[in-house]
Amino acid sequence: MKDYLVIVESPAKAKTIERYLGKKYEVKASMGHVRDLPKSQMGVDVEENFKPKYITIRGKGDVLKDLRKSAKKAKKIYLAADPDREGEAIAWHLAHILNVDENSDCRVVFNEITKDAIKESFKHPRSIDIDLVNAQQARRILDRLVGYNISPILWKKVKKGLSAGRVQSVAMKLIVDREKEIETFEPEEYWSIEAEFLKNETVFEGQFYGENGKKQELKTEADVKEIINKLDKKFTIEKVTKRERKRNPAQPFITSSLQQEAARKLNFRAKKTMMIAQQLYEGIDLGKKSGGITGLITYMRTDSTRISDTAKSEAYDYILEKFGKEYHGGNKPKKNNEGAQDAHEAIRPTSVNRDPKSLKEILSRDQYRLYKLIWERFLASQMAPAVMDTMTVHLFNNNIEFRATGSKVKFKGFMKVYVEGTDDNKKVEEKFLPDLSEGMVVDSKEIIPNQHFTQPPPRYTEARLVRTMEELGIGRPSTYAPTLDTIQRRGYVTLDNKRFIPTELGTIVNELMEEFFPEIIDVDFTVKMEGDLDSIEEGKRNWVSTIDEFYKDFSKRLEKAEKEMEKIEIKDEPAGIDCEECGHPMVYKMGRYGKFLACSNFPDCRNTKPILKEIGVKCPKCEEGNVVERKSKKRRTFYGCDRFPECDFVSWDKPIQRPCPKCESLLVEKKNKKETQVQCTNCDYKEEVQS
């Protein structure tokens, strides 16, 4: 018989923790939430101080029966759900169901699933933090009041199945507003002048800076010609500035930065990143010799960059051994972002000594890639800055100034391990200049004018949208991935080249929200609400009065929307072809995965077809059909014959119209992160594709 019952959220954690705690402990899993608001109704009594009506979640009966059975036998019950607001709420619900005194030392939290961390956490149990519970409860009730009141209005006035969440509506507004900026953008012309200079047979580049010591913009071709006409071949170097510049490492990951970097470097969607991070946190079986199931990273929902002293010390020893003392960055404390919760650490490996290479054979490909990213980012954050030698050369010709810049890495520091990605995927490159000094005269080999036009702001990628939400203070670490998933599932946005484009439906819903519920999609209002929830967590605000303050104005807007919102009919766009089954016109419909073709005679005719994009290549197999772009069930692009199933030609690589010059076989485009190559499917012929 076990003396103690420990309840965690997942079975994977349960097995590991039971092994760490020993024979006196029985560890069971609640399988996540056990109680929630009902799906079939609001579940919030507005007249009774917004009292929530909690019910047991469907399908959790057997789990609770098993937990009650174990609870009766145990001398003491410990509630060890995740260390955040949601985990605290799960622990509170379990305490109510199992008759555990929430004021007793029943709550145990840990940031990592390792033997030392688990044992240490059980030395310091505490009572349930009711302020944390109230903050989570307030968020849940607020979202229910918004979603369950606005959504039915949208169903009646627009279309069934729509939703209008508190955070998702703001995210949608950002996407729609960006699209409007792009549509109304008017490009402006501007020019630049590059020069190629020659010094002792070495060519180096410089850019036009200005005239008479002042920076000058070139707006027209006439401006450029005026400058070029004043130039002759000889340039004098009047100033050479040499500097040593330090580049500091990025801080260890928080939830948002992990999602952004995984998108940039691994091409992971936010949802996938969090799913794999959960697996690494809960534990991977490393084999009996290596400790069995072990948590490899710390908790992945965090906005704190804090690192424990133990982790810093371990990193110091590792850097000392592998790289040398000069590569350690010291122990300067790093500031958290403003408003960050400091309840637990940044996302880091539970042991830096478990390097990615040692785990490559154990982890799946995606687990390995994400773990490697987290491990490298953490180690680099503890390393010394990189040191760059930079040189700026000021070249003059008839009072016209060109500048040439160069840099080289003097000391790699953290860059020996990891360099943070950028949205445009530009790499840090060394740019060498020859040995130049003041007073030297160099020849201009070529003067090159370039015409440019200003570009509209880019559409949001998942990574850029997460970063914007974080910068604005919209949502919290646990809300980013679900928010992005929801707006896609509702058909409010489509992804084109990994960038969000609002659909007609998304634009209509956003316009209705702007007209009738402006505060819901107002960024400042949403940020203030997040601040109020944080204040509830800190015990500075009452959750009931916070919701009441919001609901007074909100209820008036609901009444107005019910009366004044006009019914909108979204007409299906004709596809210009007839249904082959019943002869009625086919129309474009919007589904979960974007547009598709459907018969206008629905529901009498349920014929649907994917929209096939021709690539201008005849099928190489049957020579009758055309090759079209298709999507797999996992939304991966592939290419096949439009005569399928009569012809079964398929290719993951994009076929090319012309045949192989060597053997006349099919040529395809093969892409990787660095380059695109045209390759023959039959022989060894290859050619580079100029980007």
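Quantities reported herein were computed from a predicted structural model and do not represent experimental measurements.
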Taking the basic N atoms (NZ, or NE/NH1/NH2) and the acidic carboxylate oxygens, is any pair closer than 4.0 Å for [X] and [Y]?
X    : Y    : value
E420 : R377 : yes
E181 : R178 : yes
R459 : E179 : yes
D653 : K670 : yes
R269 : D485 : no

With heavy-atom distances below 4.5 Å as the criterion, would you say the side chains of [X] and [Y] are in contact?
X    : Y    : value
F525 : V170 : no
Y327 : V417 : no
L505 : K159 : yes
E530 : R166 : yes
I474 : T483 : no
T405 : T390 : no
I521 : M172 : no
P434 : F204 : yes

Please find the pair of heavy atoms, one from [X] and one from [Y], that lie closest to each other, and give the distance.
X    : Y    : answer
F208 : Q216 : CE2-O, 3.7 Å
C663 : N682 : SG-ND2, 3.6 Å
W375 : P356 : CD2-CD, 3.3 Å
L373 : F253 : O-CE1, 3.5 Å
D443 : K234 : OD1-NZ, 2.7 Å
Y492 : Q168 : CE1-NE2, 3.7 Å

To the nearest 0.5 Å, how far apart are [atom1] in [X] and [atom2] in [Y]?
X    : Y    : atom1 : atom2 : answer
K410 : M388 : NZ    : CE    : 12.5 Å
I276 : L266 : CD1   : CG    : 8.5 Å
D389 : F432 : CG    : CZ    : 10.5 Å
T220 : D223 : OG1   : CG    : 3.5 Å
R245 : S407 : CZ    : OG    : 7.0 Å
E511 : E515 : CD    : CD    : 9.0 Å

With a sphere of 6.0 Å drawn around [atom1] of [X], does it hold more than 12 non-hydrogen atoms of other residues, nucleotides or ligands?
X    : atom1 : value
E188 : CD    : no
K180 : NZ    : yes
F644 : CZ    : no
K272 : NZ    : yes
D232 : CG    : yes

Under 3.5 Å, which donor-acceptor pairs link side chains of residues 191-200 to any protein atom two or more places apart or in another chain?
residue	atom	partner	partner atom	Å
W191	NE1	E189	OE2	2.7
S192	OG	H452	NE2	2.7

Do we see a donor-acceptor contact under 3.5 Å between the side chains of N399 and K230? no

Main chain of [Y], side chain of [X]: is a donor-acceptor contact present, judged purely on distance under 3.5 Å?
X    : Y    : value
R247 : K412 : no
N229 : K225 : yes
E261 : Q259 : no

Knowing that exactly one of R467, Q488, K498 qualifies, which makes a side chain to side chain donor-acceptor pair (under 3.5 Å) with E462?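 By the side chain to side chain donor-acceptor pair (under 3.5 Å) criterion, E462 pairs with just one of R467, Q488, K498: Q488.
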
According to ring pair (Phe, Tyr, Trp, His ring centres under 6.0 Å), who are the partners of F517, at least two apart in sequence or on a separate chain? F554

Could you check Y190 against L218 for side chain to side chain contact (heavy atoms under 4.5 Å, CB included), going step by step and ending with a plain yes or no? CA-CA 6 Å; Y190 69 99; L218 302 170; over 6 Å; no

Criterion side chain to side chain contact (heavy atoms under 4.5 Å, CB included) on V393 and F235, from CA distance to verdict: CA-CA 11 Å; V393 180; F235 279 73; over 6 Å; no

Qualifying salt bridge (Lys or Arg N to Asp or Glu O under 4.0 Å) pairs, either residue in residues 609-619, two or more places apart: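 As it turns out, the salt bridge (Lys or Arg N to Asp or Glu O under 4.0 Å) pairs with a partner in residues 609-619, which skip direct neighbours, are E580-K609.
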
Worked verdict on I254 versus E470 for side chain to side chain contact (heavy atoms under 4.5 Å, CB included): CA-CA 11 Å; I254 58 176; E470 182 200 19; 3.1 Å; yes

Please report the C-alpha distance between Y480 and S256 in whole Å, then the side-chain angles of each, then the deciding distance to 0.1 Å, and finally whether the side chain to side chain contact (heavy atoms under 4.5 Å, CB included) criterion is met. CA-CA 8 Å; Y480 300 136; S256 59; 3.8 Å; yes

